[in-house]
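To start, the structure under review is shown below, and the notes come after it.
We count ligands from 1, going down the list as the structure has it; atoms in each ligand are counted the same way. We number each residue from 1, following the sequence as shown.
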Amino acid sequence: MAGALDGQVAVVTGASRGIGRACALELARHGAQVVVNYVANADAAEETRDAIHELGGTVVLVKADVSDAEAASDLIETAVEELGKVDILVNNAGINRDRTLSRLSVEEWDEVIGTNLSGMFYCTRAAVPHMREANYGRIINISSVIGQMGNIGQANYGATKAGMIGFTKTAARELARNNITVNAVCPGFVSTEMVTALPENIQDNIKAQIPLGRFGEPEEIAAVVRFLCTEGSWFTGAQLSPNGGQYM
Ligand code: NAP
């Protein structure tokens, strides 16, 4: 297997399922050695590992809750111990706890902030010293169209996804001198469990708001992530928005 990412090491958080899984496979397909992180679903993580093995790739599975600062740090240190470095960090792990503001609990707020926003910070702060040392890095934060446009019932989720964009812009400015780029990918609605769990009439209402008339596929997001790693060397602090035209 020869590819543009031969010799590089990628850590993808939340790579057992959905968009993270597709990113891990796409980066492996282009030659990267991949650390597949997950928090609970070992069966799904093992399935991702097997799929990467089938591509002839190298993969390390690491169970870690990214909302725990120490666990996030251990995840990155494990990557360095097992594979020698971290070139690419995809901060993808994310959850939603949708509730309108009048019903949103403090626990639901904290849980979503902890995983989506603090998790990104914890993994990034652990990875940056290694990237600085190598004078190279690609950090990709999986935000969302909801962070750009808002959505009823998603104040907690939208706050994290908008926060990820602000973090991306600041980190991009701070880390450019170290040849580390930091970008946000802001997908629209993508066919993963996060979306297919919604009632069918709600899915139909969402599709009606998408000019291209369908949800995205995880692979269509993974292609954008891979592009940032293989060819996107002059992008930093950017928002790339594969969303079927839902938000322009
Ligand atoms: P998904 O299918 O629900 O998968 C979520 C992944 O995150 C799983 O691998 C899960 O691991 C992992 N995870 C959850 N909490 C974690 C934690 N605390 N620590 C480590 N890993 C954790 O989600 P998805 O739809 O692929 O979404 C992936 C990312 O894209 C999220 O950040 C989401 O906000 C964003 N996004 C999704 C959409 C969409 O329409 N699907 C649109 C825009 C943005 P386990 O398998 O172990 O539970």
Which atoms of ligand 1 have any heavy atom of [X] under 4.0 Å away?
{"X": "Ala64", "result": "19 (N), 20 (C)"}
{"X": "Asn41", "result": "45 (P), 46 (O), 47 (O)"}
{"X": "Asn92", "result": "28 (C), 29 (C), 30 (O), 31 (C), 32 (O)"}
{"X": "Asn37", "result": "20 (C), 21 (N)"}
{"X": "Asp65", "result": "17 (C), 18 (N), 19 (N)"}
{"X": "Val195", "result": "39 (C), 40 (O), 41 (N)"}

Gap between atom CD of Gln203 and atom CZ of Phe215 - 0.5 Å precision: 4.5 Å

Could you state the interatomic distance from CZ (Arg132) to CZ (Arg177), rounded to the nearest 0.5 Å?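 One gets 8.0 Å once the value is rounded to the nearest 0.5 Å.
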
Selected option - heavy-atom contact closest to [atom], from [options]:
{"atom": "atom 15 (N) of ligand 1", "options": "Val90, Ile95, Asn116", "answer": "Ile95"}
{"atom": "atom 36 (N) of ligand 1", "options": "Phe215, Phe189, Tyr157", "answer": "Tyr157"}
{"atom": "atom 38 (C) of ligand 1", "options": "Val12, Ile206, Ile142, Ile19", "answer": "Ile19"}
{"atom": "atom 21 (N) of ligand 1", "options": "Ala40, Ala93, Gly188, Ala71", "answer": "Ala93"}
{"atom": "atom 44 (C) of ligand 1", "options": "Ser143, Gly94, Gly216, Cys186", "answer": "Ser143"}

Please determine whether any non-hydrogen atom of Lys63 lies less than 4.0 Å from an atom of ligand 1.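 No heavy atom of Lys63 comes that close to ligand 1.
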
Could you tell me whether the side chain of Thr78 reaches within less than 4.5 Å of the side chain of Val35, counting heavy atoms only?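 Val35 does not reach Thr78 side chain to side chain.
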
Flag Pro187 as yes when one of its N or O atoms lies below 3.5 Å from any N or O atom of ligand 1, and as no otherwise.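 No, Pro187 has no N/O under 3.5 Å of an N/O on ligand 1.
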
Salt bridge Arg97-Glu107, side-chain N to carboxylate O under 4.0 Å: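 Result for this pair is no, no salt bridge flagged.
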
Any salt bridge linking Glu219 with Arg226? Criterion: basic side-chain nitrogen under 4.0 Å from a carboxylate oxygen. no

Counting non-hydrogen protein atoms only, what is the nearest one to atom 45 (P) of ligand 1? Give residue, atom name and distance.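 Nearest protein contact, heavy atoms only, for atom 45 (P) of ligand 1 is Ser16 OG, 3.4 Å.
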
Does NZ or CZ of Lys207 lie under 6.0 Å from the centre of the six-membered ring of Phe189, at an angle within 45° of the ring axis?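 No, Lys207 does not sit over the ring of Phe189.
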
So which heavy atom on Ala10 is nearest to which on Leu27, and how close?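 Closest heavy-atom pair between Ala10 and Leu27: CB-CD1, 3.8 Å.
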
